[in-house]
**Student:** 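Pasting a structure here, questions to come.
These numbers come from the heavy atoms of this one structure, side chains and all, not from hydrogens, waters or symmetry mates.
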Amino acid sequence: MIRGILGTLTMALMLTVVTSQAAAYEVRAFAGKNRKATINDFMPKLDLPENKTNKFFAEQYSFAFSPDGKEKFWFQFLITNMGISNGRGAVRVHFTPGGGKKIKAEAAFARKEWSASKEGKALKIQMGDNVFTGDGKQWKAHFKNKHFEADCTITNSAPAWRPGGGTVYYGKGTNRYYDVTLLTPRGRFEADIVMAETGEKYHLTGDVFGDNSVINISPNLQARRWVQTRKIGSKYTVMLTTLQTSEQYGRKWVGYFFVASDKGMVA
């Protein structure tokens with residue numbers, strides 16, 4: 001009797017697993033070719049039909065710096081529909097003077113208070129007094145806030161890149177996705193920062209990594225787990241990014257890995 005019950009339960013569990021796997025939606029992850037990115041890849045995606053009123057839409061342009069000195073520097077431009085209104089923008093700049101406390105300068109903007117445009121082969125995003133421009137080979141950013149004014153120039157050692165075509169598509173069609181462009185797989189930067197109250201000046205140099213990513217699907221459906229590791233060494237930048245999709249998308253592990261040197265993409 002007990003064996004019969006266990007057998008029935010085992011069979012039911014197997015059928016549940018098979019059924020859930022069969023019912024999982026399709027995922028096509030980084031199935032394209034590795035290639036250099038173009039301006040169309042890193043232009044904001046807000047105005048695309050699938051994103052204009054999509055409350056799960058969020059896009060960010062982020063740069064992580066490894067200064068040669070003791071300072072720390074990081075910035076991000078963010079565009080999102082999450083919350084009450086659509087198309088809001090934000091700028092976040094974090095600066096830590098050597099031996100000092102981290103300064104967080106952050107500002108939000110309504111849709112009419114920021115703009116994005118093409119200038120030749122370059123992207124330009126402006127949010128208030130903050131401007132970000134670039135063409136995949138070089139990027140420039142200017143920041144002005146109550147704490148400091150900063151100018152930053154980023155020169156790519158490896159060109160802006162699309163790993164595996166750059167996109168994870170969820171379900172049929174191409175309207176639901178996670179999209180990534182490596183704006184600076186490996187590069188060098190210079191930044192000049194002037195403190196508002198004291199006029200004290202800082203000149204930073206060092207290595208940098210930057211990316212642009214877009215999501216327009218509910219985060220709980222996009223991924224259950226993330227693993228990301230990055231090392232910027234003296235000769236190479238190595239990075240692994242992988243995510244496990246939700247149960248609805250089969251719990252698949254997908255991702256990308258790359259190695260970049262001062263001469264370009266290596267692997």
Side-chain angles (χ1 to χ4, degrees), residues 42-47 51 54-67 69-117 123-134 139-154 178-184 187 189-216 219 222 226 228 230 232:
F42 47 76
M43 283 294 294
K45 309 297 189 295
L46 173 66
D47 291 331
N51 296 330
N54 184 339
K55 284 299 181 182
F56 295 118
F57 172 82
E59 181 168 15
Q60 58 83 23
Y61 298 77
S62 296
F63 284 82
F65 300 84
S66 297
K70 295 182 180 180
E71 296 82 9
K72 294 182 180 180
F73 190 57
W74 173 87
F75 75 75
Q76 180 183 75
F77 283 77
L78 176 67
I79 304 167
T80 182
N81 287 342
M82 295 181 182
I84 298 175
S85 58
N86 294 331
R88 292 177 299 122
V91 177
R92 306 170 66 201
V93 193
H94 296 175
F95 172 56
T96 305
K101 294 183 179 180
K102 180 186 289 187
I103 301 168
K104 294 183 178 181
E106 303 182 351
F109 302 87
R111 180 64 186 92
K112 63 181 180 180
E113 296 175 326
W114 69 269
S115 63
S117 61
L123 159 70
K124 179 179 179 181
I125 297 176
Q126 183 161 0
M127 296 185 179
D129 293 323
N130 307 284
V131 183
F132 174 68
T133 61
W139 309 95
K140 292 187 177 184
H142 174 77
F143 304 100
K144 187 174 182 180
N145 53 67
K146 66 180 182 179
H147 302 287
F148 55 78
E149 191 164 351
D151 285 284
C152 180
T153 299
I154 297 160
Y178 163 64
D179 187 86
V180 62
T181 299
L182 306 176
L183 298 176
T184 301
F189 83 95
E190 288 191 40
D192 289 292
I193 302 171
V194 181
M195 306 307 294
E197 289 188 1
T198 64
E200 187 173 2
K201 296 180 180 180
Y202 295 87
H203 181 71
L204 281 60
T205 61
D207 299 311
V208 58
F209 168 85
D211 68 359
N212 162 230
S213 65
V214 184
I215 176 177
N216 69 0
Q222 180 204 13
W226 281 88
Q228 185 175 76
R230 179 177 67 242
I232 302 177

**Student:** Backbone N or O of M43 within a donor-acceptor pair of the K45 side chain at under 3.5 Å?
**Tutor:** yes
**Student:** W226 and Y178: aromatic ring centres closer than 6.0 Å?
**Tutor:**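 Between Y178 and W226, which both carry aromatic rings, the centre distance is below 6.0 Å.
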**Student:** Can you tell me how far apart OG (S117) and CG (L123) are? Round to the nearest 0.5 Å.
**Tutor:** 7.5 Å
**Student:** Looking at side-chain heavy atoms only, is the closest gap between F73 and I193 below 4.5 Å?
**Tutor:**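 Yes, their side chains come closer than 4.5 Å.
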**Student:** Is there a side-chain contact between Y202 and F95 (heavy atoms, below 4.5 Å)?
**Tutor:**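 With C-beta onward as the side chain, the pair touches.
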**Student:** State the CE-CZ distance between M127 and F143, to the nearest 0.5 angstrom.
**Tutor:** 10.5 Å
**Student:** Search all heavy atoms of H94 against all heavy atoms of A105 and return the closest pair with its distance.
**Tutor:**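 Nearest pair, atom of H94 first, then A105: CD2-N, 4.5 Å.
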**Student:** Can you tell me how far the CZ atom of F109 sits from the CD atom of Q126, to the nearest 0.5 Å?
**Tutor:** 9.5 Å
**Student:** Using modelled atom types and a 3.5 Å cut-off, is there a donor and acceptor pairing between side-chain atoms of N81 and backbone atoms of N51?
**Tutor:** yes
**Student:** Say you draw a straight line from CG of D211 to OG1 of T181; how long is it, rounded to the nearest 0.5 Å?
**Tutor:**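 These two atoms lie 9.0 Å from each other.
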**Student:** Consider ring-ring contact (aromatic ring centres under 6.0 Å, His included). Of F209, F132, F189, which one does F63 pass it with?
**Tutor:**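 Answer after filtering F209, F132, F189: F132.
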**Student:** Measuring from atom CD of E106 to atom CZ of R92, what distance do you get when rounded to the nearest 0.5 angstrom?
**Tutor:** 5.0 Å
**Student:** Looking at every non-hydrogen atom in both residues, tell me the closest pair between A116 and I125 and how far apart they are.
**Tutor:** CB-CG1, 4.2 Å
**Student:** Under 3.5 Å, is there a donor-acceptor pair between the Q60 and S213 side chains?
**Tutor:** yes
**Student:** Looking at T133, I154, V131, which hits side chain to side chain contact (heavy atoms under 4.5 Å, CB included) with K140?
**Tutor:**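 Of the listed residues T133, I154, V131, the side chain to side chain contact (heavy atoms under 4.5 Å, CB included) partner of K140 is T133.
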**Student:** Less than 4.5 Å apart, any side-chain heavy atom of N86 and any of R111?
**Tutor:**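 Not in contact.
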**Student:** Given side chains that start at C-beta, do those of V93 and F148 come closer than 4.5 Å, heavy atoms only?
**Tutor:** yes
**Student:** For D179, run the side chain to side chain contact (heavy atoms under 4.5 Å, CB included) check against N216, V214, I215 and tell me which one passes.
**Tutor:** V214
**Student:** Search all heavy atoms of K55 against all heavy atoms of M82 and return the closest pair with its distance.
**Tutor:** O-CG, 3.1 Å
**Student:** For atom CD of Q228, decide whether the heavy atoms of other residues, nucleotides or ligands shown that lie under 6.0 angstrom number more than 12.
**Tutor:** yes
**Student:** Using the side chain to side chain contact (heavy atoms under 4.5 Å, CB included) definition, which of the options K201, E149, E200 pairs with M195?
**Tutor:** E200
**Student:** Determine the sole option in E190, K72, E71 for which the side chain to side chain contact (heavy atoms under 4.5 Å, CB included) test with L204 is passed.
**Tutor:** E71
**Student:** Nearest 0.5 Å please: distance from the NZ atom of K146 over to the CD atom of E197.
**Tutor:**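 The distance works out to 9.5 Å.
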**Student:** Tell me whether the centres of the aromatic rings in Y61 and F77 are closer together than 6.0 Å.
**Tutor:**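 Ring centroids of Y61 and F77 are no less than 6.0 Å from each other.
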